[in-house]
Amino acid sequence: MKPYRFLIAPVLALGLLATGAALAQAGTGNLYRVTTKMEVDGMPIQMPSKAVEVCGPKNQASDKMVPADENCTVTDFRVVGNKSTYSMTCRGENPMTATGEFEQLGPEAYRGKMRMRTEGADGMTMNMSFEGKKIRDCDLATESPEAQGRAMLAKTCGEMLRTPDPMLYQHFTGPDAMCASDKGKYCSAMLAQSLNPKYIRTGDYNRANMPAGTTSFWDAFAACGTSRQAAIAKACPMAEKAKDYAFLTDYCPELVAKACAAADPLKDGDFMVQSCPVQAQAAAAKHCAGRDFTALRSSPYGSFCSRYAAGSLQQRNQGAPGNRGPAGEPAREQPKPEEEKKPSWRDRLKSARDLIGG
């Protein structure tokens with residue numbers, strides 16, 4: 001319960017939150033115009049009074065009338081004549097204690113006050129006074145603050161369900177989830193939308209740039225009963241079917257050999273050069289060896305041959321004796337020149353010919 005709830009919800013004055021069986025019945029209540037005034041000890045500027053219309057039960061002689069939520073406990077509720085007094089203790093995120101009283105001014109009016117003290121180093125004391133006058137009858141089942149709150153919550157949860165982002169998972173699955181009743185719907189929709197190779201790869205890329213400890217879609221999957229291992233097991237067949245070779249390489253190494261066997265150098269050149277050395281060398285021997293620069297430029301395999309040659313040249317440069325340190329250790333990284341000359345087509349072609357014996 002937040003200590004400022006009384007500031008933003010003066011409808012709680014006199015506890016016009018009938019609960020449980022009282023609201024389960026479509027009974028008739030009183031619609032009051034409630035005027036509330038709040039003062040904070042030590043604050044020289046007083047807050048302006050505020051008036052709202054509240055539908056409350058006709059019977060006010062009950063501890064159910066005390067402004068409390070699920071984290072609050074009401075004690076010492078006493079009724080003497082037309083006056084009621086009570087004490088209240090609230091725990092949770094913002095603990096506080098309170099004492100209050102209210103007075104019935106006939107069947108159509110009341111007034112009262114409450115003194116609240118928040119806990120903690122920055123605790124403060126707030127004093128609230130209120131009075132209400134009946135305007136007309138109302139239906140508790142649809143017009144009470146609790147009924148309206150439930151309707152608003154249902155609307156909010158419904159809107160989030162229409163776009164079930166994984167980052168909303170705590171609203172549906174957390175220990176105090178406000179939309180806990182919709183957890184099943186959320187998890188089904190969220191996993192159907194997000195458990196796929198593209199989302200996982202993009203999500204992990206973004207996660208790498210986030211501070212350590214930041215929640216991610218993996219937490220949402222786990223909260224919905226799907227572990228990382230189970231998610232990848234479902235995504236790998238999707239990637240295999242869609243020929244998402246980048247995902248297979250990063251997440252499904254057991255499927256790479258099968259993908260390499262089916263890869264096409266015309267369409268999957270980058271994947272073959274990076275992950276399929278045997279197949280790439282065979283394709284280069286078949287489609288690149290023995291062809292001069294002009295022939296490769298006009299060949300449909302020209303792009304693959306260029307990639308293969310560039311990759312081969314890079315590997316050769318990395319393994320050259322000049323790039324090794326003492327006792328075979330890698331040499332220290334040298335400052336890069338201002339402009340490094342890129343290998344030409346002819347350089348790449350020569351490199352490929354050397355490697356495949358052309």
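It should be emphasised that the depicted structure is a prediction, and the values quoted were computed from it without experimental measurement.
Using a 4.5 Å heavy-atom threshold, the side chains of D264 and F304 count as separate. Between F172 and C187 there is no side-chain heavy-atom pair separated by less than 4.5 Å. The closest side-chain heavy-atom distance from Y169 to P164 is not below 4.5 Å. Q281 places a side-chain heavy atom less than 4.5 Å from the side chain of Y308. Within the 4.5 Å cutoff, side-chain heavy atoms of E53 are placed close to those of L31. Side chains of L195 and F217 form no contact here, defined as non-hydrogen atoms less than 4.5 Å apart. Side-chain contact between K133 and L105 is absent, with no heavy-atom pair separated by less than 4.5 Å. Inter-residue side-chain proximity for R136 and C138 is flagged as met; some heavy-atom pair is nearer than 4.5 Å.
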Set out, in order, the CA-CA distance, both residues' side-chain angles and the distance that settles side chain to side chain contact (heavy atoms under 4.5 Å, CB included) for S216 and M210, then state yes or no. CA-CA 9 Å; S216 74; M210 296 291 185; over 6 Å; no
Decide yes or no on salt bridge (Lys or Arg N to Asp or Glu O under 4.0 Å) for R115 and D41, but give the supporting numbers first. CA-CA 10 Å; R115 183 174 177 84; D41 287 1; 3.1 Å; yes
For Y301 and L266: C-alpha separation, side-chain torsions, deciding distance, then whether side chain to side chain contact (heavy atoms under 4.5 Å, CB included) applies. CA-CA 6 Å; Y301 293 93; L266 286 176; 3.5 Å; yes
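Considering CG of L255 and SG of C260, their distance stands at 11.0 Å, rounded to 0.5 Å. Taking CZ of R117 as the start and CE of M96 as the end, the distance is 11.0 Å to the nearest 0.5 Å. Note that the CG atom of N30 and the NZ atom of K134 stand 4.0 Å from one another [nearest 0.5 Å]. Between E103 atom CD and N82 atom CG the span is 5.0 Å, to the nearest 0.5 Å. Interatomic distance, Q274 CD to D268 CG, rounded to the nearest 0.5 Å: 11.5 Å. The line from CZ of R91 to OG1 of T73 is 8.5 Å long, rounded to the nearest 0.5 Å.
There is a path of hydrophobic side-chain contacts, each under 4.5 Å, that joins V34 to F102. Put simply, V40 and M116 are part of the same group of oily side chains (I, L, V, M, F, W, Y) that touch within less than 4.5 Å, one to the next. Residue I200 is grouped with residue M190 when hydrophobic side chains (ILVMFWY) are merged at heavy-atom distances under 4.5 angstrom, including chains of intermediate members. Linking Ile, Leu, Val, Met, Phe, Trp and Tyr whenever their side-chain heavy atoms come within less than 4.5 Å puts L161 and Y199 in one cluster. Grouping the Ile, Leu, Val, Met, Phe, Trp and Tyr side chains by contacts below 4.5 angstrom, directly or via other members, places M114 with V74.
Counting heavy atoms of neighbouring residues, nucleotides and ligands inside a 6.0 Å radius, atom CG of D176 does not exceed 12 of them. Other residues, nucleotides and ligands contribute only 12 or fewer heavy atoms inside 6.0 Å of the CD atom of Q229. Counted within 6.0 Å of CZ on R78, heavy atoms from surrounding residues, nucleotides or ligands total 12 or fewer; the atom is thus considered open.
Ion pairing of E131 with K37 is absent here, as no side-chain N (NZ or NE/NH1/NH2) approaches a carboxylate O to less than 4.0 Å.
With hydrogens and angles ignored, the 3.5 Å screen pairs a side-chain donor or acceptor of T249 with a backbone N or O of Y245. Remark: the backbone N or O of E143 is paired with a side-chain donor or acceptor of Q148 at under 3.5 angstrom. A donor-acceptor pair under 3.5 Å links the side-chain atoms of Y186 to the main chain of D165, judged by distance alone. Side chain of D139 to backbone of A141: a donor-acceptor contact under 3.5 angstrom is found.
In plain terms, the two heavy atoms of M38 and M47 that are nearest each other are O-CB, 3.6 Å. Scanning both residues, G269 and R307, for their nearest heavy atoms gives CA-NH1, 3.9 Å. A pairwise comparison of heavy atoms in A235 and F247 identifies CB-CZ, 3.7 Å as the closest pair. Residues A223 and T173 approach most closely at CB-OG1, 3.4 Å, considering heavy atoms. Nearest heavy atom pair, residue C157 against residue M178, reads SG-O, 4.2 Å. Pairing each heavy atom of M272 with each of A263, the nearest pair is CG-CB, 3.6 Å.
Residue pairs satisfying the salt bridge (charged side-chain N to carboxylate O under 4.0 Å, His left out) criterion with at least one member in residues 207-219, sequence neighbours excluded, are listed as follows: D204-R207. For residues 234-244, the set of pairs meeting the side-chain hydrogen bond (donor to acceptor under 3.5 Å, both in side chains) definition, not counting sequence neighbours, comprises R201-D244, E240-K258.
Using cut-offs of 30° and 60° on the angle between ring planes, the pair W218 and F221 is perpendicular.
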